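Encoded as C-alpha cells, the structure appears first; notes follow it.
Note that the structure is predicted; figures quoted are calculated from it, not measured. We name chains A, B, ... by the order of the sequence lines, and we start the count at 1 in each one.
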Amino acid sequence: MTVMRNEDEDLKALFARNAGRFSDEGFVTRSMQQIRVARSRALLARRAFYCLAIAGLAAVSPFLMRGADRVFREIESLLGVASRALETPAGTVFAIVCSIVLVLLNRRRFNQRNW
Amino acid sequence: VTPLASAAEATVITLACTGDPLAFEELVRRRQSHVRNFMHYLCRRTSERDDLAQQVFLTAWRSIRHLRSPVAFDSWLRRIMVTTWLEAVRRNKLDFANEQSLAENTAGDDSTAERLDLNSALAELAPPMRLCVVLAYEVGMTHEEICDVTDMPLGTVKSNINRGSQRLRELLSAYRSRSAANG
C-alpha cells in the first residue's frame with residue numbers, strides 16, 4: 001500500500017498543472033496511417049507466405065507421392081512377413097506370450113497410478 | 001466528429017478488441033494526450049515523444065485482440081507505454097547524454113515557466129528514477145503497480161521515488177530561487 005504525503009500531493013498537483021495539451025488530429029492521422037501501413041504489410045507477408053507454401057507443396061508433391069508409395073509397399077511386405085510368422089505354431093505361442101506380458105504390464109502401471 | 005465520439009468507453013474498447021479500426025482510432029484520439037504526456041516527460045525531444053507514442057499505439061493495435069477485459073485496458077496500455085520506452089532506452093534510441101537544451105526541447109509547446117522548470121529538473125534524473133517518478137506522480141500509479149509494470153523490485157521502486165522526488169524538489173527550489181534573484 002502506498003501512502004501519499006503532503007509533499008507527494010504537491011508534486012502530483014505540479015504534474016497535473018503542467019500536463020501538456022496536445023492537438024490530436026495530426027497525431028491521430030499519422031498513427032492511423034502507420035497502423036494501416038503495418039496492416040497492409042502484414043497482410044502482404046501472410047499472402048506471400050501462403051503462396052510460397054502452396055508452391056513449395058506443389059514442387060515437392062511428386063517426391064511425396066513417390067515416398068508414400070514406397071512406404072506403403074514396405075509396410076505391406078512387412079505385414080506379409082509378420083502374418084506368415086504368426087501362422088506357424090511358434091509364432092502363435094510368441095504372440096500369446098507377448099499379449100499376456102502387455103496385459104500384465106498395463107495392469108501394473110494402472111495399479112501404480114491409482115496408489 | 002466521428003460516430004463513436006460520444007460512445008461509452010467500454011463500448012469503444014470492446015469494438016476495438018474485435019478489430020474495428022474506427023473504434024481504435026477513437027481510442028487513439030481519447031488516449032493520445034495521456035501517452036504523449038508520459039513520453040514528453042521521459043523523452044525530452046518532441047520527435048522522439050511522438051515516435052514512441054505512435055509505437056505504443058501500433059503495438060496496442062497488434063495485440064488488442066488478446067485483451068481479456070475492457071476494464072483492464074488502461075493498465076494494459078500503461079504496460080505497453082513503459083515497455084516501449086524501456087525498449088527504446090535499451091536500444092539506445094534515446095540519447096540521454098546529449099539531451100537538447102531546454103529551449104529546443106519545448107519549442108512549439110505552450111510552456112509555462114513552471115513547466116520548463118519541471119522539464120529541466122526531470123532531465124537531471126537518471127532514466128530509471130525518472131520513470132518511477134513520472135509513473136508515480138504523472139500517471140498516478142502505486143508503488144506496487146510500478147513494480148508490476150517495470151519489473152523492478154519494490155525496494156528499488158521506493159528508493160527511486162523517494163530519492164527522485166527529493167532531488168526534483170531540490171532542483172525546483174533552486175530554479176525558483178535563481179529566477180527570483182534574476183528578477
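With chain A as partner, the option from B:R29, B:H34, B:R36 having the largest number of non-hydrogen pairs under 4.5 angstrom is B:R36. Most heavy-atom pairs under 4.5 Å with chain B: of the set A:R36, A:M32, A:R30, this distinction falls to A:M32.
Between A:R73 and A:D69 a salt bridge is recorded (basic side-chain N to carboxylate O distance below 4.0 Å).
Note on B:L15: it does not cluster hydrophobically with B:I64, by side-chain heavy-atom contacts below 4.5 Å among ILVMFWY residues. Side-chain heavy atoms closer than 4.5 Å link hydrophobic residues (I, L, V, M, F, W, Y) into clusters, and following such links, possibly through other members, connects B:F73 to B:W61.
For B:L172, the part lying under 4.5 angstrom from a heavy atom of chain A is the side chain only.
What you find for B:V12 and B:A7 is that their closest heavy atoms are CG2-CB, 3.8 Å.
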